[in-house]
Every structure is written in structure tokens, then in C-alpha cells.
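Structure record follows, encoded as C-alpha cells.
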Amino acid sequence: PIEALRPSMAQVVSTGGAGKRSKRFLWPAILMILALLGLLSGNLALASLGLLLFLAGLILLSPLLVEPVSAFFGRLLATVYATEGYLARANLVRHPGRAAVTVSAMMIGLAILLALTGLVTSVTTDVTGFIDQSLGGDFLLMPQSQVLSGGNAGAGPELAAALRETPGIEAVTSLRAANARANDQDVQVMGLDPQTYPVVAELNLSQGNPVLVYRQLAQERTLIANTIYAARNQTGLGDRLVLDTPQGTFDYEVVGIGSDYLNAQVAAVFLSHENLERDFNETADILLMADQAAGADTSALRDQLATLVSPYPALTLFGPGEYRQQILSQGYARLAIFYVMLAFVAVPSLIALANTLGISVIER
């Protein structure tokens with residue numbers, strides 16, 4: 001029976017000449033070359049276009065790949081199941097267009113699945129990394145509102161001093177907040193301690209020397225502009241900003257561009273505590289971060305800190321990893337729509353595969 005099938009199979013796989021085959025390879029080859037140029041350009045937009053062109057090239061190329069791919073895997077299958085392997089190969093090459101359409105549809109579905117999965121993973125990784133970097137303390141004392149300047153009541157310097165004196169606490173730093181106008185627009189002003197802040201946490205700097213920027217922040221009137229403000233106002237290192245403060249108008253030099261998690265979506269600048277107190281009369285800590293010492297009992301230390309923070313109802317105590325987990329839980333709820341989209345893509349792909357296999361079996 002196998003020998004009887006061979007003539008019909010040879011007739012089916014005939015391509016009609018080398019000239020026709022070369023023409024069918026022309027457009028896929030052009031798309032692949034353009035895709036390669038886009039991917040190697042280093043430009044995000046061109047690279048994205050290159051990926052789409054690569055996918056289109058594969059779709060056009062798939063009918064031409066049915067015969068060689070089926071021949072290779074058909075022979076492998078035939079080493080174990082001779083008859084079944086030959087029949088499977090014959091069935092594929094009988095209708096290469098149908099096989100190519102099925103493969104292309106599944107390939108597009110798989111590409112969407114991978115893209116959405118990569119997007120969810122990337123967002124989660126970026127958020128957790130941002131939180132760990134700018135809110136790096138083991139213990140956080142912060143208001144419920146993530147907008148630090150949104151009318152939150154802070155604590156006086158005595159709370160930070162009490163935290164430093166607590167056994168089991170290794171380092172403490174704090175953030176303070178005020179409001180100002182710069183270049184005729186409102187801007188959030190954050191105060192940090194240049195000595196203690198980089199010990200517990202750090203800003204995500206896009207410009208500026210990470211080693212020198214905090215030293216520069218402690219000198220005269222200097223500031224770090226966050227990326228939102230810098231993008232809106234084309235601000236760079238060495239630029240000077242005129243801040244309207246309660247004490248008057250002062251000139252500040254930009255020594256860095258960077259952001260933290262809580263101010264990533266608003267225009268903000270970072271000053272030293274000293275400058276914030278001198279020019280804005282602000283000494284209240286609205287966010288405190290503390291690192292526990294090695295070997296300290298986390299549970300007992302949390303109880304002590306809870307007692308210290310109890311007179312400050314505006315502040316909430318978060319233990320190691322608690323705030324991060326809270327943000328991730330909220331993020332997973334928002335990303336639920338992506339999982340629904342994944343299901344909408346995956347289920348039809350599985351149905352299409354089962355349908356194609358069913359048609360092939362009935363046809364045979």
C-alpha cells in the first residue's frame with residue numbers, strides 16, 4: 001500500500017518548476033531583510049516594525065516550508081511508525097496551503113500569548129524593582145495616600161530620633177514634602193537627607209553620578225529633578241531652576257535627574273532637608289524608612305515600632321515586604337484583563353488545532 005501511494009504523493013509535492021518557486025520566495029525574503037534591518041537599527045519603533053515584518057515573512061514563507069519540514073519529521077516518525085509517518089507526510093503535502101494557514105493562525109496566537117505574557121512579567125518586574133530601590137527600608141512608616149503632598153500630616157523629627165534609638169534598628173531616613181512653583185507651574189518639592197537616604201534607599205537616576213549626586217545635594221542650593229519634570233521642561237544637568245518659596249525666590253542648580261516610586265507620576269524635585277527647612281519652613285517627616293540590624297527579631301521589632309507610631313494616626317507601619325505585597329496585589333487585580341485576553345487567544349487556538357486534526361482524520 002505504501003508503494004501504491006508514492007506516485008500520487010510525488011505528483012502532489014511537485015512545485016511546478018524552479019522559476020515559480022524562486023518567485024514565491026521573493027516577497028518573504030524581502031520582508032525578512034527589512035525585518036532584520038529594523039531589528040538591528042537600535043530604534044524601538046523600527047525594531048517593533050521589524051518584528052511585524054518578520055512575522056509577516058514567516059506567514060508568507062510557511063506554505064513553502066510545509067514540504068521540507070514534513071519530509072524531515074515524516075522520516076523521523078516513519079522510523080518508529082512506518083505507515084503512519086508516511087500517511088502523515090502525504091496528508092500535509094496534499095494541501096500545503098491549508099496546513100500553512102493553520103500553522104500561521106497558531107503562530108499569530110502564540111506570538112500574542114508571548115507578547116502579553118512578556119508585558120505582564122515586565123511590568124511586574126519593573127514595579128517591584130522600583131519599589132525595592134526607592135522604598136528600600138525594611139520598615140516603612142507612611143501615609144495611606146501615595147501622593148505625599150496631598151494634605152498628609154507628618155511627624156516631627158522626634159519620631160525619627162526615637163527610631164534611631166530603638167534597639168535592632170540600624171539606619172533611619174525620612175522624606176519631607178512641600179509645594180512650590182518653578183517656570184510658572186506647580187511642582188512637588190521633596191526633602192531628603194543626603195547622608196542617610198542613600199544608606200536605606202536610592203533614587204532611580206537617569207542622569208548624574210550616583211556617587212557624587214548626594215554630596216552635591218548637600219551643598220548650597222542644588223536639587224534633583226524627577227523625570228516627569230525634566231521631560232516636560234527639557235531640563236538637564238547644570239540647568240538652573242527658579243523656585244518660588246515661602247521665603248522668596250531662589251535659584252537652584254540641577255545636579256541630577258531621577259525618580260522614586262511615590263513621585264513617579266508627578267512633576268517633582270528633590271532638595272536636602274536643610275534647604276527645605278531654610279526655604280520652605282518644613283521639618284515634618286511624612287515618610288520614614290528604617291533598616292533592621294542583622295540578627296534582630298523582626299516580629300519583636302515590629303511590635304516596638306507599632307508602639308512608637310501609635311501617637312501618629314496619619315502614619316501606617318509596614319513590615320518587611322508588606323507594602324510591596326500590597327502594591328503587587330493591587331497590580332495583579334488591574335492586570336486581570338490581560339489574563340482574560342490570554343484566555344481569549346489561547347482557547348480559539350486550541351479549538352483550531354483540534355478542528356484541523358479532526359478534519360485530517362475524517363479525510364483520511
Side-chain angles (χ1 to χ4, degrees), residues 127-128 130-180 188-204 226 246 259-266 268-277 280-293 296-331:
V127 170
T128 55
F130 208 3
I131 294 174
D132 292 341
Q133 183 177 17
S134 60
L135 297 174
D138 295 320
F139 293 95
L140 304 177
L141 283 72
M142 59 190 301
Q144 288 290 344
S145 173
Q146 292 188 17
V147 182
L148 296 181
S149 63
N152 293 304
E158 63 275 2
L159 178 57
L163 288 175
R164 291 187 180 94
E165 296 174 358
T166 302
I169 293 296
E170 185 175 37
V172 176
T173 193
S174 65
L175 287 178
R176 299 170 181 175
N179 291 289
Q188 181 166 310
V189 181
M190 303 302 302
L192 57 83
D193 188 330
Q195 280 74 41
T196 62
Y197 186 82
V199 175
V200 180
E202 60 179 322
L203 297 175
N204 184 11
N226 77 344
S259 296
D260 68 341
Y261 176 76
L262 296 178
N263 299 284
Q265 297 181 354
V266 298
V269 295
F270 298 86
L271 315 181
S272 67
H273 280 177
E274 180 181 353
N275 283 328
L276 195 71
E277 180 178 356
F280 293 86
N281 301 320
E282 187 61 64
T283 59
D285 297 323
I286 60 171
L287 169 64
L288 296 99
M289 295 180 283
D291 277 344
Q292 71 178 37
D297 187 333
T298 302
S299 179
L301 190 55
R302 194 187 194 287
D303 292 340
Q304 295 181 56
L305 297 185
T307 301
L308 284 177
V309 78
S310 58
Y312 304 91
L315 298 178
T316 302
L317 173 63
F318 293 94
E322 292 178 4
Y323 182 75
R324 172 183 175 180
Q325 187 57 44
Q326 176 178 300
I327 296 300
L328 289 180
S329 299
Q330 297 172 359

- Message: As a test of understanding, state which of Thr298, Thr166, Asp138 forms a side chain to side chain donor-acceptor pair (under 3.5 Å) with Gln292.
- Response: Thr298
- Looking at CD of Glu158 and CG of Asp285, how far apart are the two atoms once the value is rounded to the nearest 0.5 Å? 8.5 Å
- Approximate separation, where rounding is to 0.5 Å, of Arg164 CZ and Glu170 CD: 13.5 Å
- Message: Within this structure, what is the CZ-CG distance for the pair Arg302 and Asp297, rounded to the nearest 0.5 Å?
- Response: 13.0 Å
- Least distance between heavy atoms, Leu276 atom then Ala177 atom: CD2-N, 4.2 Å
- Message: Rounded to the nearest 0.5 Å, what separates atom CG in Leu135 from atom CG in Leu262?
- Response: 5.0 Å
- Note on the structure: Of all heavy-atom pairs linking Ala155 and Leu159, the shortest is CB-CD2, 3.6 Å
- Task: Give, for atom OH of Tyr312 and atom CG of Leu141, the distance between the pair rounded to the nearest 0.5 Å.
- Result: 10.0 Å
- Query: Side-chain contact, heavy-atom cut-off 4.5 Å: Ser174 with His273?
  - Reply: yes
- Closest contact, heavy atoms only, Ile169 versus Ala290: CD1-CB, 4.1 Å
- Message: Can you confirm whether Gln265 is buried at CD, in the sense that more than 12 heavy atoms of other residues, nucleotides or ligands lie under 6.0 Å from that atom?
- Response: no
- Query: If every non-hydrogen atom of Val266 is compared with every non-hydrogen atom of Asn226, which pair is closest and at what distance?
  - Reply: O-ND2, 2.5 Å
- Do Tyr323 and Tyr261 come close enough that some side-chain heavy atom pair is under 4.5 Å? yes
- Query: Pick one: which of Leu140, Leu317, Leu315 meets side chain to side chain contact (heavy atoms under 4.5 Å, CB included) with Leu288?
  - Reply: Leu315
- In Å, rounded to the nearest 0.5 Å, how long is the span from OG of Ser272 to CG of Leu192? 8.0 Å
- Heavy atoms of Val172 and Ala160 approach each other most closely as CG1-O, 4.2 Å
- Is any side-chain heavy atom of Phe139 closer than 4.5 Å to a side-chain heavy atom of Leu301? yes
- Query: Does the side chain of Leu308 reach to within under 4.5 Å of the side chain of Leu163, using non-hydrogen atoms?
  - Reply: yes
- Quick one: closest heavy-atom pair of Pro167 and Gln304, and the distance? CD-OE1, 4.1 Å
